[in-house]
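Notes follow once the structure below has been shown.
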Amino acid sequence: MDPSLLRREAEAIGGRLTAWRRDLHQHPEIGFQERRTASIVAGELRALGLDVQTGIAETGVVAVLQGERPGCTLMLRWDMDALPIQEAAGAPYASVHPGLMHACGHDGHVAIGLGVAQVLSSHRSEVRGCVKLLFQPGEEGLGGAERMIAAGVLENPVPDAALGVHLWNVRPVGWFGIADGPVMAGAELLEIEILGQGGHGAAPQQATDPVVAAAQVVSALQTIVSRNLDPRATAVVSVTQIHAGETFNVIPDRAVLRGTIRTFEPEIRQMVMRRVTEVTAGIAAALGCTARVRLTPLTPPVVNDPAVSAKVRAAARGLFPDAVVDESERSMVSEDMAFFLQAVPGCFSLVGSADRERGQGPAHHNSQFDFDEAVLPRAVALLAAATIDLLSEA
Ligand SMILES: [Zn+2]
Ligand SMILES: [Zn+2]
C-alpha cells in the first residue's frame with residue numbers, strides 16, 4: 001500500500017473531518033448519554049455499507065468492515081464522551097450545552113474514527129481479514145471500556161490486535177508518541193479515614209485530634225516517592241481532598257482524605273500501596289488516632305505490545321518522513337484503553353495536536369481546550385495505514 005496515496009486520501013476528506021469534529025464539539029454529551037453522537041456515528045458507518053450494532057453498553061457502537069480477502073481481525077477503538085466543564089474557549093463551534101464540553105479531544109477521536117472507516121471502505125480490496133470499529137461511551141472515569149467488554153465486544157470476531165489514539169496537546173501537530181510497554185499509568189483511588197476523639201477547640205489535651213494527624217499523613221505520604229521509590233522509577237501519590245470538622249471551635253472526631261496513586265509497573269504499585277498503608281497507620285498511631293486505608297483499583301496501565309507498536313511507528317515514518325516519532329513518551333494520566341490492551345496485544349499512540357506555531361496547546365480537561373484540526377487527516381492516515389499493514393502482515 002502506497003503511503004502517499006493514503007495520506008492524500010486522508011487530506012482530501014479534511015473538510016469532512018473538521019465538519020464532523022465541529023458538529024460534535026458543539027453538541028457534547030456526557031458518558032453513557034452519547035445518543036446524538038452515537039446516532040451520527042451509526043448513520044455514517046451504515047452509509048459506508050458496514051455492519052453496525054448500536055446500544056452496546058448504553059450508547060456504544062460497533063461496526064465490522066469486512067475486507068475482500070480472508071485474514072485476521074484488527075480492532076480500532078475511539079471514545080465519544082465529553083466532560084462536565086463550562087467551555088471558555090469562545091470558538092464559533094463552542095459547546096451549546098452549558099456545563100458540558102469536549103475538553104479532552106474525544107470529538108476529534110470520533111471524527112478520526114469516521115475518517116478511517118471511510119478511507120478503509122474505499123480500500124476493501126486491499127484489506128485482508130476484518131476491521132472491527134469500536135466507538136466507546138464513558139471513558140472519563142466512568143468504566144466505559146469495561147462495560148463494552150462485558151457486553152461482548154471482544155468476541156465474534158475476537159480481535160487479534162487493537163489500535164487506538166489520543167490527541168496530545170502538549171506536543172505540536174507532526175509529533176507522534178508511539179512507545180513500547182507501559183505508556184499511560186495505572187490509577188487507584190486512595191481513601192483514608194483518620195479517627196480520633198473530638199472535643200473543645202480550646203482544650204486539645206482532652207481530645208485526640210484527627211486534623212493534626214491528617215496534616216502529618218499528607219506530608220509523610222510524600223516521602224514514599226521521594227524516599228522509598230528508586231529515583232530512576234516513576235510514581236505519583238497525590239492527596240487531593242481533605243475533609244474534617246464543621247466549625248472553628250470544635251476538634252472533630254474524624255478526618256477523611258482522598259487522592260490517587262499512579263504507577264506503571266506492578267512491583268512499584270504494590271510497594272506504593274503497601275507504604276501508603278504503613279505510613280498512614282504509623283503516623284495515626286503515633287498521634288493516638290486510628291486509620292482506615294482503602295485502595296480501589298480504577299484503571300490498569302496502558303501497555304503497548306512492542307511488535308504492534310513497531311508497525312505503527314513504521315507506518316508513521318512511511319507516511320510522514322518529516323514527523324517526530326517519539327518512542328519514549330509516557331504519561332501519568334490513565335486511560336481505559338488499558339482494559340482492551342490487557343486482553344488484546346495492541347498499541348495506543350499519542351498524536352501531537354497543538355498548534356504548530358506555538359508548539360503547546362491548552363491542557364486537556366481545561367475550559368480553554370482546543371486543538372489544531374490539521375491533526376485530523378494525519379491521524380486518519382496513520383490509523384488507516386497501520387491497519388492495512390498489520391492485517392497484511394499478520
Ligand atoms: Zn480525558
Ligand atoms: Zn481522553
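Read the numbers this way: they start at 1 and go in the same order the structure lists the ligands and their atoms.
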(request) Looking only at non-hydrogen atoms, find the nearest pair between L6 and A381 and report the distance. (result)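 The pair with the smallest heavy-atom distance is O-CB, 4.3 Å.
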(request) Report yes if the distance between the aromatic ring centroids of H364 and W168 is under 6.0 Å, otherwise no. (result)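 Close enough - the centres of the two rings lie under 6.0 Å apart.
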(message) Less than 2.8 Å away from the Zn ion (ligand 2), how many protein N/O/S atoms can be counted, ignoring water?
(response)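 The number of such protein atoms is 3.
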Test your reading of the model: is there a side-chain donor-acceptor pair from [X] to the backbone of [Y], 3.5 Å cut-off?
X: R7; Y: L319; answer: yes
X: H102; Y: P28; answer: no
X: R262; Y: M332; answer: yes

(message) Quiz question: by atom type and distance under 3.5 Å, do the side chains of E44 and W20 form a donor-acceptor pair?
(response)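 A donor-acceptor contact under 3.5 Å links the two side chains.
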(message) As a test of reading the structure, name the N/O/S atom of H365 that is nearest the Zn ion (ligand 1).
(response)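 Of the nitrogen, oxygen and sulfur atoms in H365, the Zn ion (ligand 1) lies nearest to NE2.
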